[in-house]
Amino acid sequence: MIIKILIGALLLFMLFNLFKAMMIMLKNDPSQPSMSKFIGRRVMISALIILLILVAMATGLITPNPSPY
């Protein structure tokens with residue numbers, strides 16, 4: 001159960017970084033950090049989520065649905 005909460009929290013953090021990058025893109029303020037910082041965080045977090053899911057499936061913490069229908 002804790003692994004699902006962790007994945008959900010990482011997805012929310014990824015979404016937060018996406019909207020933060022959008023706000024920086026719309027404002028175009030040179031004093032703000034660059035948009036690529038937040039987009040890079042988003043890519044790193046998505047890679048971490050995929051890796052976490054693969055490790056959790058390999059160790060048996062989560063099991064995939066046996067049939068898609």
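Atoms considered below: every heavy atom in the structure, side chains included; atoms not considered: hydrogens, waters and symmetry mates. Owing to the predicted nature of the structure, the values given are computational and were not obtained by experimental measurement.
Here the options are Leu51, Leu52, Ile45, the test is side chain to side chain contact (heavy atoms under 4.5 Å, CB included), and the partner is Ile49; only Ile45 passes. The residue from Leu10, Leu11, Leu18 that alone fulfils the side chain to side chain contact (heavy atoms under 4.5 Å, CB included) condition with Met14 is Leu11.
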Query raised in the report: Between Thr63 and Met57, does a side chain to side chain contact (heavy atoms under 4.5 Å, CB included) hold up when you go through it step by step?
Result: CA-CA 6 Å; Thr63 55; Met57 284 175 57; over 6 Å; no
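Within 6.0 Å of CD1 on Ile2 lie no more than 12 heavy atoms contributed by other residues, nucleotides or ligands.
Atoms CZ and CE, on Phe19 and Met25 in that order, are 11.5 Å from each other to the nearest 0.5 Å. Taking CG of Leu54 as the reference point, atom CD1 of Ile62 lies at 8.5 Å (rounded to 0.5 Å). Taken to the nearest 0.5 Å, the CD1 atom of Ile5 stands 4.5 Å off from the CE atom of Met1. Between Gln32 atom CD and Ile24 atom CD1 the span is 5.5 Å, to the nearest 0.5 Å. A distance of 7.0 Å separates CZ of Phe38 from CZ of Phe16, quoted to the nearest 0.5 Å. Note that CZ of Arg41 and CZ of Phe13 are 5.5 Å apart. Values are rounded to the nearest 0.5 Å.
Residues Ser67 and Asn65 share a closest heavy-atom pair of O-ND2, 2.9 Å.
In the hydrophobic clustering of ILVMFWY residues, with side-chain heavy atoms under 4.5 Å counting as a link, Ile53 and Leu61 come out apart. In this structure, Met23 is a member of the same hydrophobic cluster as Leu15, with clusters built from ILVMFWY side-chain heavy atoms closer than 4.5 Å.
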